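Remarks on the structure that follows.
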Amino acid sequence: MSRKDFMHFASELVGKEVEVITNRETYTGTLEYVGSDHIILATRINGRRVRLAIRIALIIALFRLFTGRAFTF
């Protein structure tokens with residue numbers, strides 16, 4: 001799968017609840033933005049609402065919560 005395929009898949013999930021698995025951690029939250037090299041995820045860390053920029057190069061899998069649709073590299 002290519003980066004272009006990932007960006008197309010991820011752009012369909014903007015505004016949806018997702019789970020992002022990276023090579024370091026797993027995050028859940030609302031996907032807010034898909035850029036050419038990163039995504040923006042609204043989530044909570046230690047009870048505080050934050051917006052995370054996650055590099056696409058670090059993403060192993062992206063799942064939409066409650067649907068089972070997934071994209072993996």
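Every heavy atom of this structure was used, including side-chain atoms; hydrogens, water molecules and symmetry mates were not. Just so it is clear, the structure is predicted and the values come from calculations on it, not from any experiment.
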So CD of Glu25 and CD1 of Ile54: to nearest 0.5 Å the spacing works out to 9.5 Å
Measuring from atom NZ of Lys16 to atom CG of Leu31, what distance do you get when rounded to the nearest 0.5 angstrom?
10.5 Å
Taking C-beta and beyond as the side chain, do Ile45 and Leu52 meet within less than 4.5 Å on heavy atoms?
yes
For the student: nearest non-hydrogen atoms of Leu65 and Glu19, plus distance
CD2-CB, 3.9 Å
Quick one: ring-ring contact (aromatic ring centres under 6.0 Å, His included) partners of Tyr33, sequence neighbours excluded?
His38
Would you say Leu13 and Phe9 make side-chain contact, with heavy atoms under 4.5 Å?
yes
CD1 (Ile21) and OG1 (Thr28) are apart, to the nearest 0.5 Å, by 11.0 Å
Which atom pair, heavy atoms only, marks the closest approach of Ala10 to Leu62?
CB-CD2, 3.8 Å
Can you spot which of Leu58, Thr43, Ile60, Leu41 makes a side-chain contact (heavy atoms from CB on, under 4.5 Å) with Val20?
Leu41
Is Val34 reachable from Ile40 through a run of hydrophobic residues whose side-chain heavy atoms are each under 4.5 Å from the next?
no
Within this structure, what is the CG-CE distance for the pair Asp37 and Met7, rounded to the nearest 0.5 Å?
8.5 Å
